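Since this is a predicted model, take the numbers as computed values, not measurements.
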Amino acid sequence: MKKMWKDLGRKDLVEASSFFPWKSKPPVKDRKYVKPLLSASGYQGETLTLYFLNHPNAKEEAEWIRSEAKSEGIHMRLIPFTMDQLYASDLDREADLATLGEVASTDLHLSFLTAFYNNALLFRRFLAPEHLARIGEWLEEMKRETDRERRELWMDKVENYMRENHLILFLHHPMKSWTFHPLFQDICFESFGLVDFRRLWIE
């Protein structure tokens, strides 16, 4: 991620290793392992299909990923998609990889559960039945917990499982900022980063 940020001229990188920024620690990566791992994977030069959201930043990142992959002998074709196409079955059938962001609501525990139980969400559709079954067992335990900290432990277990089995590759946490006219007072944000207009007033 640091190399991508430098190459693309980006600022304020928050590298991700979790769904949640405060749990993320920059993962240790070493490029010297790419070729031996690639050889052990059985990859024979097939073209992998990477779907990306049709947005300038996402396109720039997808093109960077393709370029880096090509330098290691991995071939990729890029296909943009819109939010309207997100639920199309083409993605399930044709995509080998897909890049997409996930935004939580203010209730992080409920948002976490919803993401894994929502059959329409892309990353859930990419998970194999055996992985979904294993994760589902932990989510059921999480739902029964009345203690917040113990629910967090089940969430950590799910995330660790996904990392260890390479079911998801965390990239970065986008840092967004909004500029408001100083006449607007008491600006608060609600679920999914939207402004709560019920509390806002104009001086």
Flag, side chain of Ser41 to backbone of Leu38, donor-acceptor distance under 3.5 Å: yes
Working to the nearest 0.5 angstrom, can you tell me the gap between Leu127 CG and Leu132 CG? 5.0 Å
Hey, are the side chains of Met83 and Asn54 touching, using non-hydrogen atoms and a 4.5 Å cut-off? no
Checking Arg77 against Thr47: is there a side-chain donor and acceptor pair closer than 3.5 Å? no
Transitively linked via ILVMFWY side-chain contacts under 4.5 Å: Phe170 with Val34? no
With side chain to side chain contact (heavy atoms under 4.5 Å, CB included) as the criterion, how do Asn57 and Arg10 come out once you've worked through the C-alpha distance, each side chain's angles and the decisive distance to 0.1 Å? CA-CA 10 Å; Asn57 280 357; Arg10 305 275 184 88; 3.9 Å; yes
Please check if the number of heavy atoms outside Glu130 that lie under 6.0 Å from its CD is greater than 12. yes
What salt bridge (charged side-chain N to carboxylate O under 4.0 Å, His left out) pairs are there with at least one residue in residues 113-125, not counting sequence neighbours? Asp92-Arg125
For the CG atom of Leu48 and the CE atom of Met76, what is their distance to the nearest 0.5 Å? 5.5 Å
Is it the case that the side chain of Glu159 and the backbone of Phe19 share a donor-acceptor pair, with hydrogens and angles ignored and the cut-off at 3.5 Å? yes
Following the transitive rule for hydrophobic clusters with a side-chain heavy-atom cut-off under 4.5 Å over Ile, Leu, Val, Met, Phe, Trp and Tyr, establish whether Leu78 and Ile65 coincide in one cluster. yes
Is it true that a side-chain atom of Arg151 and a backbone atom of Glu145 form a donor plus acceptor pair closer than 3.5 Å? yes
NZ/NE/NH1/NH2 to OD/OE distance under 4.0 Å, Glu137 and Lys157: no
Please examine the side chains of Leu139 and Leu113, heavy atoms only from C-beta on, and report whether any two atoms are closer than 4.5 Å. yes
Distance (rounded to the nearest 0.5 Å) between Leu121 CG and Phe126 CZ: 12.0 Å
Distance-only check: which donor-acceptor pairs under 3.5 Å involve side-chain atoms of residues 162-169, not counting sequence neighbours?
from, atom 1, to, atom 2, distance (Å)
Arg163, NH1, Ser17, O, 2.4
Arg163, NH2, Asn160, OD1, 2.4
Asn165, ND2, Tyr161, O, 2.9

So do Lys70 and Ile74 actually touch side chain to side chain, heavy atoms under 4.5 Å? no
Sub-3.5 Å donor-acceptor pair from the side chain of Glu140 to the main-chain atoms of Trp138, do we have one? no
If only atom types and distance count, is the side chain of Trp5 paired as donor or acceptor with the main-chain N or O of Lys11 below 3.5 Å? yes
Smallest heavy-atom separation, Phe116 atom then Val158 atom, equals CZ-CG1, 3.7 Å
Look up atom OG in Ser67 and atom CD in Glu72, then write down how far apart they are to the nearest 0.5 Å. 11.0 Å
Taking the side chain from Thr114 and the backbone from Leu110, do they hold a donor-acceptor pair closer than 3.5 Å? yes
Under the criterion side chain to side chain contact (heavy atoms under 4.5 Å, CB included), I'd like the reasoning laid out for Met142 against Glu152: C-alpha separation, chi angles, the key distance, then a yes or no. CA-CA 8 Å; Met142 177 186 167; Glu152 291 278 342; over 6 Å; no
Any Lys/Arg nitrogen of Glu61 or Arg66 sitting under 4.0 Å from an Asp/Glu carboxylate oxygen of the other? no
dist Leu13:CG -> Lys6:NZ (nearest 0.5 Å) comes out at 13.5 Å
Spacing of CD belonging to Gln85 relative to CG belonging to Leu53, to within rounding of 0.5 Å: 10.0 Å
Tell me, do Glu15 and Ser24 make a side-chain contact under 4.5 Å, heavy atoms counted? no
Residue pairs passing the ring pair (Phe, Tyr, Trp, His ring centres under 6.0 Å) test where at least one lies in residues 21-62, sequence neighbours excluded: Phe20-Trp22
Residues Gly45 and His75: closest non-hydrogen pair is O-CD2, 3.3 Å
Would you mind checking if Glu68 and Arg31 are paired as a salt bridge, meaning a charged N to carboxylate O distance below 4.0 Å? yes
Under 3.5 Å donor-acceptor, Asp96 side chain and Thr49 backbone: yes
Please report the C-alpha distance between Trp154 and Arg144 in whole Å, then the side-chain angles of each, then the deciding distance to 0.1 Å, and finally whether the side chain to side chain contact (heavy atoms under 4.5 Å, CB included) criterion is met. CA-CA 11 Å; Trp154 289 112; Arg144 285 191 281 270; over 6 Å; no
Ala16 to Pro27 - nearest heavy-atom pair and separation: O-CD, 4.2 Å
